[in-house]
Amino acid sequence: MRRFKAFVVKEFYHIFRDTKTLIILFGMPIVQIMLFGYAITNEIKDAKIAILDKSKDHLTVRLSDKILSSGYFQLSEYLYSEAEIEEVFRKGEVKQVVIYDKQFAQKLERDHQAKVQILADATDPNTANTLIKYTSSIINSFQQELAFGNPTPLTIKPEIRMLYNPNLESVFLFVPGLISVILMLISAMMTSISIAREKEIGTMEVLLASPMQPAQVIISKVIPYLILAFSNAIVILLLGYLVFGVPIRGSLLLLLLESILFIVMALSMGILISTITNSQQTALLISLMGLMLPTILLSGFIFPVENMPMPLQLISHLIPAKWFILILKSIMLKGTGILFFWKETLILVGFTFAFTFLSVKKFKIRVA
Amino acid sequence: MTNLAIKTENLTKRYGSLEALKGVDLEVPPGFLFGIIGPDGAGKTSLIRTLATLVLPDGGRASVLGHDVVAEYRSIRNKMGYMPGRFSLYQDLSVLENLQLFASIYDTTIEKNYHLIKDIYQQIEPFKHRRAGQLSGGMKQKLALSCALIHEPEILFLDEPTTGVDPVSRNEFWEMLEDLKKKGISILVSTPYMDEAKLCDMVALIQNGTILSVNTPAEIVDSYNTPLYAIKATNKYQLLKDLKSYSYAASVFPFGEYIHYTDQRGLNVVEELKKHLEANNHSGIEVVSIAPTVEDCFMALMDEQV
């Protein structure tokens with residue numbers, strides 16, 4: 001036991017004396033949640049637009065007001081001729097131009113039909129798409145306003161495909177994904193690197209030559225990372241709650257227990273990686289390419305699994321983070337209990353046993 | 001057999017197509033300071049790692065303190081101290097922390113076995129709060145040795161402990177080994193430096209995975225029976241070339257500022273050599289008949305093998 005304690009303490013020394021490790025361990029979770037929470041969002045605020053109003057009647061003015069007061073758009077300038085449109089786009093500031101037909105109100109009242117042309121700067125297709133959707137939905141709601149108490153339907157031709165999820169909801173979705181990515185990173189990557197480092201600098205040779213059992217070496221090595229990963233999970237949950245108001249609707253205890261399960265799973269994965277590598281570089285590469293990328297891309301963290309082609313969907317079943325994200329979303333956002341995700345939990349338990357079994361089988365009690 | 005500290009029979013080890021050990025037979029009596037000497041790639045590390053239970057042999061048998069290295073590796077690991085070739089302690093831990101860690105790994109304390117490491121550790125104790133990575137080569141070796149000794153091992157495996165260490169520290173290190181031997185610890189030490197052979201009780205010369213000879217340093221020197229000459233001249237390079245092409249030459253090795261030379265004729269040929277060299281326009285000629293050193297013997301042995 002004394003042996004064990006000394007070893008855990010030694011591992012903490014390694015972590016706290018290496019600035020790079022410290023930055024990764026404590027800086028990254030905070031930076032990532034801020035990045036995902038604030039910067040990496042699909043929502044656009046205050047996009048600059050220009051308006052070319054060829055009609056200038058009471059309806060176009062009302063519609064313009066409505067567009068500009070939505071919060072999504074900011075008026076850059078009014079245009080007076082079509083020739084100005086290209087010029088204004090070229091300057092690059094203006095992302096969208098709204099053009100009203102001549103005699104807009106007159107046409108609408110007489111023919112029950114009028115046109116609004118929306119031009120978007122599609123050099124950034126995502127932004128353009130989003131802006132067009134915003135505008136369309138504003139026009140649509142304007143049309144309904146006009147139609148209210150009017151016997152004949154009025155048509156301002158916009159196409160509405162879907163309503164945008166407001167900013168807050170995307171953070172809700174990011175937080176569970178982020179927790180899994182960071183836990184994966186700290187647990188799997190850091191353990192595999194730290195074991196590989198012992199091999200690289202030759203201390204593993206000395207440890208093997210000692211009467212210490214390999215299992216003791218491994219367990220005392222992962223305990224500090226278990227503690228650190230767990231405290232990181234708590235930091236992310238707290239940040240999510242305090243800064244972005246991400247709720248935890250279900251049982252907090254259950255959430256923490258599931259997190260520990262996932263951390264143990266990731267640790268066993270890290271140990272497995274370290275049994276097949278001898279250098280920190282390889283361990284890092286394998287963890288990054290083999291764990292991080294699939295975790296980010298295939299777990300449903302950023303891209304919904306349902307939208308992937310069949311082969312990728314099948315592969316995603318093998319990504320432990322996918323199941324953990326489902327569990328987290330159920331607890332945090334839906335507030336459901338273990339009855340709703342006992343299958344996912346069992347799958348994680350299964351992964352843990354599989355990885356532990358494999359690493360015990362592969363772990364060498366000798367150098368070669 | 002159980003009385004021997006180390007016994008190997010026809011021990012073989014291969015890495016892919018490379019045969020690191022080709023049937024090594026070795027018997028090391030307990031309480032000996034036993035040296036394994038050979039050039040780089042001779043198989044020294046493979047032999048030590050096999051004996052230290054870190055590498056599985058491909059064939060043959062080996063036992064340490066009467067325990068088989070494969071079946072009873074646990075018993076051996078409890079009783080041995082091992083110092084690998086490169087410095088392998090935790091560079092980011094201090095001297096004291098390293099020592100404490102190794103003490104706890106072996107379930108002991110520094111205080112309990114302080115008497116064993118006292119002489120060695122006292123030299124680095126003033127730096128005990130310094131990180132191990134910032135120590136000099138000699139100090140690192142002392143720390144590593146202290147760590148290998150902290151659990152009172154019965155046998156000590158040292159893989160090239162003096163490689164890359166300055167000459168003063170090397171001498172100190174050998175003095176420490178001598179002291180440890182007096183405490184009853186069997187020591188197996190490998191080294192590429194032939195001049196260190198004379199400091200061992202017994203020496204095995206290893207080359208290409210084969211043991212060439214096992215002997216005491218004195219016996220090795222005694223077995224050398226051809227007259228040996230040390231020759232010196234102003235133009236050393238030309239001298240070496242001329243001696244090698246001399247029709248009576250048996251062996252020619254550069255040896256510091258001298259060239260060590262043996263002659264096929266077996267007589268005292270000092271005068272003949274001087275004449276021959278003068279005829280070849282050498283100046284500052286010096287030819288002395290000398291007693292062989294262990295190194296000369298090894299050079300001769302290794303020369304026979306090639």
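Values reported hereafter were calculated over all heavy atoms of this structure, with side chains retained and with hydrogens, waters and symmetry mates removed. Below, chain A is the first sequence line, B the second, and so on; all start at residue 1.
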So Ser210(A) and Tyr106(B), do their side chains get closer than 4.5 Å, heavy atoms only? yes
Just wondering, more than 12 heavy atoms not from Gln281(A) lying within 6.0 Å of its CD? no
Counting only heavy atoms closer than 4.5 Å, note whether Ser46(B) contacts chain A via side chain, backbone, both or neither. neither
One should read off an interatomic distance between Glu11(A) CD and Leu101(B) CG, to the nearest 0.5 angstrom, of 10.0 Å
Non-hydrogen atoms of chain A under 4.5 Å away: do they reach the side chain of Leu89(B), the backbone, both or neither? backbone
Not counting sequence neighbours, which residues clear salt bridge (charged side-chain N to carboxylate O under 4.0 Å, His left out) with Glu27(B)? List them please. Lys7(B)
Max heavy-atom pairs within cutoff under 4.5 Å with chain B, candidates Pro211(A), Ala6(A), Gly202(A), goes to Pro211(A)
Do other residues, nucleotides or ligands put more than 12 heavy atoms under 6.0 Å from Phe12(A) CZ? yes
Shortest non-hydrogen contact from Arg77(B) toward Leu208(A): NH1-O, 2.8 Å
Could you check whether atom CZ of Phe353(A) has more than 12 heavy atoms from other residues, nucleotides or ligands sitting under 6.0 Å from it? no
Say you draw a straight line from CD of Glu205(A) to CE of Met83(B); how long is it, rounded to the nearest 0.5 Å? 12.0 Å
Please say whether more than 12 non-hydrogen atoms of neighbouring residues, nucleotides or ligands are located less than 6.0 Å from CZ in Phe16(A). yes
Using non-hydrogen atoms only, which part of Glu198(A) is less than 4.5 Å away from chain B: side chain, backbone, both, or neither? side chain
Shortest non-hydrogen separation from Leu54(B) to Ala209(A) and the atoms involved: CD2-N, 3.9 Å
Check whether Phe157(B) gets within reach of chain A through its side chain, its backbone, both or neither, counting any heavy atom under 4.5 Å. neither
For Lys183(B), I'd like to know if atom NZ has over 12 heavy atoms of other residues, nucleotides or ligands within 6.0 Å. yes
Does any N or O in the side chain of Arg3(A) come within less than 3.5 Å of the main-chain N or O of Ile105(B), such that one atom is a donor and the other an acceptor? yes
Atom CD1 in Ile201(A), atom CG in Asp92(B): separation rounded to 0.5 Å? 7.0 Å
